[in-house]
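For reference, the structure is listed below as structure tokens.
Just so we're on the same page: letters track the sequence lines, and every chain starts at 1.
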Amino acid sequence: MFSTPHDATLSEAQQTAFAVLLHRMINQIRHSLELPAILNATVAEVRAFLQTDRVKIYRFDADGSGEVVAESIQDSRLPSLLDHWFPADDIPPEARELFLKVRQRSIVDVSTQEIGTSPLIEGSNGAVIEGDLAFRTVDPCHIEYLTAMGVRSSLVVPIVAQGELWGLLVSHHSEPRRFTSAELQIMQLISDQVSIAIAQSNILEETRRYAAQEATINQITSLLHALPEMQLQQALRQVVQAFQGMSGRLYIASQGIHQPSQFFVEGRQPVLSAATNGLDQRSSPPVLEHHPLWQTWLDLEPCAEGGWLVDNIELSEMPEELVTPLLSAKIRSVLVIPIQYRQQVLGHLSVFRSEIDIERIWAGKPDQDDPRQSLPKRSFESWKELKTGQAKPWTAFDRELAHTLSNLFAVALHQRGLFQRVRSLNAHLKRDVKRRKKVEIELATLNSNLERCVLQRTMQLQRTNEELIKQIEQRELIIEERQRAEASIERLSHQNELILNSAGDGIYGIDAQGLITFVNSTAAKMLGYEVDDLIGQWMHTYLKHSKSDGIPYLLADSPIHTTIRQGTVEHRSGDLFQHRDGSTFPVEYVSSPIRECDRIVGAVIVFKDITERQAVEQMKDEFVSIVSHELRTPLTSIRSTLGLLSSGLIDDRPDKSKRMIEIAYSNTNRLVRLISDILDIERIKFGKVAMEKRRCNAAELMVQSTDAMRAMAEREGIKLSLTSIAAELWGDPDRIIQTLTNLLSNAIKFSPAGSTVWLTAEFADSHRKRKRVRSSGAYVRFCVKDQGIGIPEDKLDVIFDRFQQVDASNSRQQGGTGLGLTICREIVQQHGGQIWVESRFGAGSAFYFTIPVFSGG
Amino acid sequence: MTKRILIIDDEPDIREATQLCLEIARGWEVLTAGSSAEGLQKAAIEQPDAVLLDVMMPDMDGLATFERLQANPATHNIPVILLTAKAQASDRRQFCQFAIAAVITKPYDPLTLADQIAAILEA
């Protein structure tokens, strides 16, 4: 707080006035933030208080010159200096330094030519101590200066605001007046209040500027972030306005093929000559930012924070080729703000200020005769100085704003670039989406068409499927029927095949051309072929079908082809078919036509090999012939003799009659034996004579047999030798004895007198010498051996057949029928034994037969 | 007219009875042979008017004997009558293949045998 200065020279009234003054000053400062008003009020109040002719407030300019910014004059006792400028030399630097450093206050009394000065010393504790007034003689130049100004006494107090020498509070009086230290102290207080007001005003001004700057930034920010498109042109306009420029331009560097460089201009622009760029003058003017000199200048010119700030291009290092067109466009100051996002230069924002004309009212004209102004000014008569083409320099505030805008534009342009890229991508995306939508629409259309087609096709397919299903069902039914039929056919075919192959007869079929179409295995086997060998062969050639006499049939004469030709059933017996090995065999066959639709398509031939049958028939014929012969022979004798006897022709010849009777009797016996043997054979063979088998002794049977034959042997001069065996047999003893006697009889018959016939028996296993005995169990093997004529080898196998005597006449002479061995074979076989002969012609024979041993139970 | 008949038969009873039949019935001269060999020999020597030839004989049957008689110019013209017990149809078909005068089947009628032979020879 201010305290009332206490000075002995200050009256009470003055003290009161001072208090009032101070109070009003404080109120004024408190109630007004407008510096001019405060300053005007201050000078008015101070002059009123001091009652001096003039009180003014002088403000220093940056170059040391100054201007009277507030003034109060008493009745024009002194000329007004308001708005008058004073050159820097009027208050030399050393004086300004004293004003600032020691807060030098001065009181000059021209009349006494004394100047009292008083520093304002700031203590170490921050307290301010006013120094005492120290008077000394004033500089004559100063006296002359004041005198020229019409001032007889003056009081000067520096106004220091915010550590800077802001200005001076000056009181002039045209009359000599002695300012007291109290007044000086009051002036100091007033100066301090003014300093506070200035500081407040500066703060206010700065706040306002910041507010304006903030508003500008906000506006620009809004424009830069406007949607859908950032308003660069408007932003540029705002920037130009914010810097109080005349024009500006925004250059956005190219960011690739898809983002070419862009320009936005506001206000008048410099026009560069094409020639300056080395281009054809007829070409369009080059863009400033693309101008190599511009780019070189920017490269060489140091870039301060906020950009390149050139107050006056004429005084800068800027090349003349650039300066000229800029000046031509009335551009004096250039601010180039780099727009850089991180390390990437996105462009430049340039603001141009026009040159200005500065009009100043100077207090006193400089002495032309004293170019150094070494002499005091003699006149303070006002004169106007007009300076054209002046620059308005860029301030720190401008720099700060430029820096902010640089960042702002950098972010915005970066975002714009991103946005453009995104938009480009979006555009691509949109195009893609559009194309895709178009494709989707086409696809949808196609799908729709396809679905319609599919639907139609589906319906068609369904109908087709239904028809197919019906057809399949019908076909399945047909197939089932066919399968059943095929199965039936296969079954039948199989059965037929089985029947055909099981048939004992040969069966084959031929087509109309005589080619074999089928043949059963029996037929193939009879012909010596495989079935497959015969299929497709011409049967007539293969069979070499010939008549029973061996003469081949001509095809036309073949009964089989007669069947094919005429459709008749042909039956033949005795024709010959040829075997594969070239031999022929007699056949009996039936050839029947195969008809199909009343047409003969072939023939089926059923044939059988009748070789065996023919042999049997031949044997039968031969047997019948032999039997007939054998029966007729004794009958012939009997009939002849009895005929003669009955005719009475030989009644007169008793010897002949007796002989005839003997012949008749002998042949009758022969006939009886023969008939008996024949009947025996047939009955034994066909089982009509049951073997009365029982346990019997082999030795007994052998003895009985030899006893029965002993008389005959003796008659023939044959010795009978018996070697029996004590074995129990299982057989019919009478039939075994019949067998033994038959064999003994034969042996005796065919043995020369004096020879021996042996009857032996032995146990035998299941083997005989030539063949294995089939039956199980042990046998007794009997043997009848003689020393007779023997049997030729070719007769050994047939000797047991009927009427197969080696010598029939001899046999008959011996009373044989030729059926004895046959009867023996039948008896042995009925016992389960076997009979055989071993003989060499001329060396006797040995007949063997086996009879099973009684095995008990 | 007296004839000379040669009987060739291996059965002695038949030879004896047949000989008696022919001798008594016609008073023919009857020669006999018990085998083919003997018969061929007698036929060639005796030149009978006819030969009664048995067929079934052990050493050489009647047909072979006939062929031998036919082959021999001395016996070629002697009529041969087969006197055989073989009376089957097949036998007959076989006999037809030979130039035999006649076949008389055993047992023949002893009272008409001579007449049959006479008729054959006269035919």
Legend entry - N-O pairing of Arg670(A) and Glu11(B) below 4.0 Å: yes
Legend entry - Asp9(B) versus chain A, the contacting section by heavy-atom distance below 4.5 Å: neither
Inset, instruction - Would you mind checking which part of Ile14(B) comes under 4.5 Å of any heavy atom in chain A, side chain (CB onward), backbone (N, CA, C, O), both or neither? - result: both
Inset, instruction - May I ask you to say whether Asp557(A) pairs ionically with Lys547(A), meaning some side-chain N is under 4.0 Å from a carboxylate O? - result: no
Inset, instruction - Please answer whether the main-chain N or O of Gly844(A) pairs with a side-chain N or O of Ser839(A) as donor and acceptor at a distance below 3.5 Å. - result: yes
Legend entry - Which atoms of Asp91(B) approach chain A - backbone, side chain, both or neither, heavy atom under 4.5 Å: side chain
Inset, instruction - Could you check whether the rings of Phe607(A) and Phe585(A) sit parallel, tilted or perpendicular, using 30° and 60° as the cut-offs? - result: tilted
